[in-house]
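Written below as structure tokens is the structure these notes are about.
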Amino acid sequence: MAESKLNRRALITGRVLSADRIVAPPGCEIASIIVQARPERLDQLEAAITALAGCEIHGRDARGKLVVVTEAPDSGSLGTLLNTIQSLPDVYSAALVFHAIETA
């Protein structure tokens with residue numbers, strides 16, 4: 001068995017780590033998003049958001065606000081979901097107001 005040499009360059013470039021040492025954390029990411037949208041289009045927007053995987057509407061204001069609770073496997077997926085909601089038609093803004101990591 002050949003012994004690997006540990007040096008500064010190998011440490012900085014990550015060559016001393018192997019893929020089998022990386023362990024994904026259990027659980028998922030949970031977040032709340034406040035969505036401000038056109039009030040007359042809330043029904044269509046609510047349908048579009050609930051059609052997205054992991055999204056539920058937990059609050060609604062007739063002035064154009066929705067409280068969306070989301071669940072995603074990781075922070076990258078959560079960011080993608082936030083961007084997707086933000087780019088839906090008739091959405092003025094979507095702001096992350098709560099974020100937590102749920103452990104198994």
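For N83, there are no side chain to side chain donor-acceptor pair (under 3.5 Å) partners at least two apart in sequence or on another chain. Partners of R41 under the salt bridge (Lys or Arg N to Asp or Glu O under 4.0 Å) rule, at least two apart in sequence or in another chain, are D90. D61 pairs by the salt bridge (Lys or Arg N to Asp or Glu O under 4.0 Å) definition with R63, not counting sequence neighbours. Remark: Q36 pairs with K65, Y92, S93 by the side-chain contact (heavy atoms from CB on, under 4.5 Å) rule, at least two apart or across chains.
If you take CZ on F98 and OG1 on T70, they are separated by 10.5 Å, rounding to the nearest 0.5 Å. The OG atom of S75 lies 6.5 Å from the NE2 atom of H99; values are rounded to the nearest 0.5 Å.
Between the side chain of S77 and the backbone N or O of P73, no donor-acceptor pair lies under 3.5 Å.
Taking Ile, Leu, Val, Met, Phe, Trp and Tyr as members and joining any whose side-chain heavy atoms lie under 4.5 Å apart, directly or through other members, the hydrophobic cluster of L52 also contains I33, V35, L42, L45, I49, I57, L66, V68, L81, L82, I85, L88, V91, L96.
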* To do: Would you sort out whether S32 and V69 count as a side-chain contact (heavy atoms from CB on, under 4.5 Å), showing the intermediate values?
  => CA-CA 5 Å; S32 289; V69 176; 4.0 Å; yes
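Each salt bridge (charged side-chain N to carboxylate O under 4.0 Å, His left out) pair with one or both residues in residues 69-80, not counting sequence neighbours, would appear here, but there are none.
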